[in-house]
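Structure first, commentary second.
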Amino acid sequence: MPFQDSIRGEWSRLVLPVFVLVASVAACSAMGPADAGVAHACRQGNADAWVGRAASADIVEQARQASGSRSVRLVMPEQSPHHGLAHIDRLNLYLDDRALITRTACG
């Protein structure tokens, strides 16, 4: 299985920097005084325009803004997100092994 280990190493080198960038953007998009009292319910259909695009920090932030959500969670291949606590203000972006957005969902 050295080939699979090699692919897993390539995946780590590609996705980890993207994840760090996206986490930084999400941290910077905290609710400010102008947003006080405003609901940030996610509208999934508004983010569907980014399906097929690479999940760069800029693209993820654009999708978040379009959906009206407060935060974004990236769901990597073979990762099963916890469905116990749904967040109406969170956009989920599902990625493939090349870090392309394959679908969107709220929760």
Side-chain angles (χ1 to χ4, degrees):
M1 302 293 171
F3 179 73
Q4 287 180 344
D5 291 339
S6 170
I7 290 176
R8 195 166 281 141
E10 292 285 326
W11 170 249
S12 303
R13 282 190 296 251
L14 172 69
V15 173
L16 187 59
V18 170
F19 181 77
V20 170
L21 283 172
V22 170
S24 300
V25 169
C28 291
S29 65
M31 185 170 110
D35 291 335
V38 176
H40 288 274
C42 176
R43 295 177 307 278
Q44 170 195 346
N46 294 356
D48 286 345
W50 282 266
V51 170
R53 308 274 308 265
S56 68
D58 201 33
I59 294 298
V60 169
E61 177 60 13
Q62 289 174 24
R64 184 199 65 78
Q65 288 178 3
S67 72
S69 55
R70 185 181 312 239
S71 63
V72 176
R73 174 173 56 175
L74 297 179
V75 182
M76 308 299 178
E78 299 179 18
Q79 176 185 2
S80 100
H82 300 279
H83 294 290
L85 294 174
H87 298 274
I88 63 168
D89 62 347
R90 180 175 60 201
L91 174 66
N92 296 309
L93 297 177
Y94 291 81
L95 307 180
D96 68 7
D97 59 350
R98 296 177 298 161
L100 297 178
I101 300 169
T102 58
R103 71 182 180 102
T104 66
C106 294

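Bear in mind that the values here come from a model prediction, so they are computed numbers and not experimental data.
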Problem set entry | For Gln62, all residues meeting side chain to side chain donor-acceptor pair (under 3.5 Å), sequence neighbours excluded |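 For Gln62, the residues satisfying side chain to side chain donor-acceptor pair (under 3.5 Å) (neighbours in sequence not counted) are Trp50, Asp58.
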Exercise. Does Asn46 have any side chain to side chain donor-acceptor pair (under 3.5 Å) partners at least two apart in sequence or in another chain, and if so, which?
Worked result: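 By the side chain to side chain donor-acceptor pair (under 3.5 Å) rule, Asn46 matches no residue at all.
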Problem set entry | For the student: nearest non-hydrogen atoms of Arg73 and Asn92, plus distance |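 For Arg73 and Asn92, the tightest heavy-atom pair comes out as NE-OD1, 2.8 Å.
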Problem set entry | Gly68 versus Arg43, closest heavy-atom pair with distance |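 Taking Gly68 first and Arg43 second, the nearest heavy atoms are CA-NH2, 3.7 Å.
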Problem set entry | Partners passing salt bridge (Lys or Arg N to Asp or Glu O under 4.0 Å) against Asp89 (at least two apart in sequence or in another chain) |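 By the salt bridge (Lys or Arg N to Asp or Glu O under 4.0 Å) rule, Asp89 matches Arg70.
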Exercise. How far does CG of Asp97 sit from OG1 of Thr102, to the nearest 0.5 angstrom?
Worked result: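 Spacing of CG (Asp97) from OG1 (Thr102) equals 10.0 Å.
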For this session: Kindly compute the distance separating CE (Met76) from CG (Leu93), expressed to the nearest 0.5 Å.
Result: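 Atom-to-atom, Met76:CE and Leu93:CG are 10.0 Å apart.
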For this session: Quick one: which residue pairs count as a disulfide bond (SG atoms under 2.5 Å apart) with a foot in residues 48-79, not counting sequence neighbours?
Result: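 Applying disulfide bond (SG atoms under 2.5 Å apart) to every pair that reaches into residues 48-79, excluding sequence neighbours, yields nothing.
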Exercise. Between Arg90 and Gly107, is there a donor-acceptor pair closer than 3.5 Å when you use the side chain of the first and the backbone of the second?
Worked result: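 Such a contact is found between Arg90 side chain and Gly107 backbone.
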For this session: Examine distances only and state if a side-chain atom of Arg64 and a backbone atom of Ser69 form a donor-acceptor pair shorter than 3.5 Å.
Result: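 Here the side-chain-to-backbone pair exists.
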For this session: Measure the shortest side-chain to side-chain distance between Ile101 and Leu95 over non-hydrogen atoms and say whether it is less than 4.5 angstrom.
Result: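 Heavy-atom side-chain distance check passes, below 4.5 Å.
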